[in-house]
**Q** 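This is the structure, below, for whatever I ask next.
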Amino acid sequence: QNAIYRAPNYYYQLTLGSYTQSLDGYSITVQLSNQDLNQIKVTPDLATQLADTWITCSAETLKDVNGLNILATANGNAIMASQLILDTTPPRLSNFTLDLNANVLYLTFNEAVNANTFVPGSVQLQNAVTPTLTLQLNNATPSAALNSTVIAVYLISSDVNYLTVTGLATRVTNAF
């Protein structure tokens, strides 16, 4: 692989997951864990195209039917993916936490999201599924933290004052 992709910031070592073996025994399918999948998604220039999708394996990764370890494919001799299917499923907001002591709204998604793409005004707090009170967060700012499944959104004082005065989002039963 290209020398730039051998640098520490451009790779990820799988930690969890499972696998299944083909009937003929010549291939395995690795099911990535959510943790591994999210980490791959937030690692810059990793698995975004064939040119940055490579794999290395230690000799202990597998054994053949006679009990011999596979030949290791170390850094510098990695194997490029023959196919890459990119993620086309949009992230979904799973839940949120509103901390009125810290003036922060934590948005939790089912997969990693890019914090830099947060659009102020795209989030509205409301008091019910069919609301009678709402607050559009036009001036909220996301954390400068790394991309993650959780994004912290900082509320401005006038928004927090509105929540306090109206009672909007002050209980679990009136925050949607």
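Because only heavy atoms are used, hydrogens play no part in the values below, and waters and symmetry mates are left out as well, while side chains stay in. Note that the numbering runs from 1 along the sequence shown for the chain.
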**Q** Tell me if a side-chain donor or acceptor on T73 pairs with a main-chain N or O of C57 at a distance below 3.5 Å.
**A**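 At least one qualifying donor-acceptor pair exists.
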**Q** If you measure from CG on N110 to CZ on R92, what distance do you get to the nearest 0.5 Å?
**A**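 Rounded to the nearest 0.5 Å, the CG-CZ separation comes out at 4.5 Å.
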**Q** Got a second to check how far T15's OG1 is from Q35's CD, nearest 0.5 Å?
**A**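 Between atom OG1 of T15 and atom CD of Q35 there are 4.0 Å.
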**Q** Find the distance between CG (L16) and CG (D36) and round it off to the nearest 0.5 Å.
**A**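 The distance works out to 5.5 Å.
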**Q** Verify, without hydrogens or angle tests, whether T117 (side chain) and N114 (backbone) share a donor-acceptor contact under 3.5 angstrom.
**A**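 Checked: pair present.
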**Q** Rounded to the nearest 0.5 Å, how far does CG of L137 lie from CG of L163?
**A**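 One finds 7.5 Å between CG of L163 and CG of L137.
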**Q** Check for a donor-acceptor pair, side chain of D159 on one end and backbone N or O of L155 on the other, with a separation under 3.5 Å.
**A**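 Checked: no pair found.
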**Q** Indicate yes or no: at least one non-hydrogen side-chain atom of I40 is less than 4.5 angstrom from one of L14.
**A**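 Yes - at least one pair of side-chain heavy atoms lies under 4.5 Å apart.
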**Q** How many angstroms lie between CG in L50 and CE in M80, if you round to the nearest 0.5 Å?
**A**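 Going from the CG atom of L50 to the CE atom of M80 covers 5.5 Å.
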**Q** Find the distance between OG (S148) and CD (Q39) and round it off to the nearest 0.5 Å.
**A**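 Answer rounded to 0.5 Å: 9.5 Å.
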**Q** Side chains of T48 and D52: is there a donor and an acceptor less than 3.5 Å apart?
**A**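 Per modelled atom types, T48 and D52 side chains form a pair under 3.5 Å.
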**Q** Please determine, by modelled atom types, if N127 and T132 share a side-chain donor-acceptor pair under 3.5 angstrom.
**A**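 There is such a pair (donor and acceptor under 3.5 Å, judged by atom type) between the side chains of N127 and T132.
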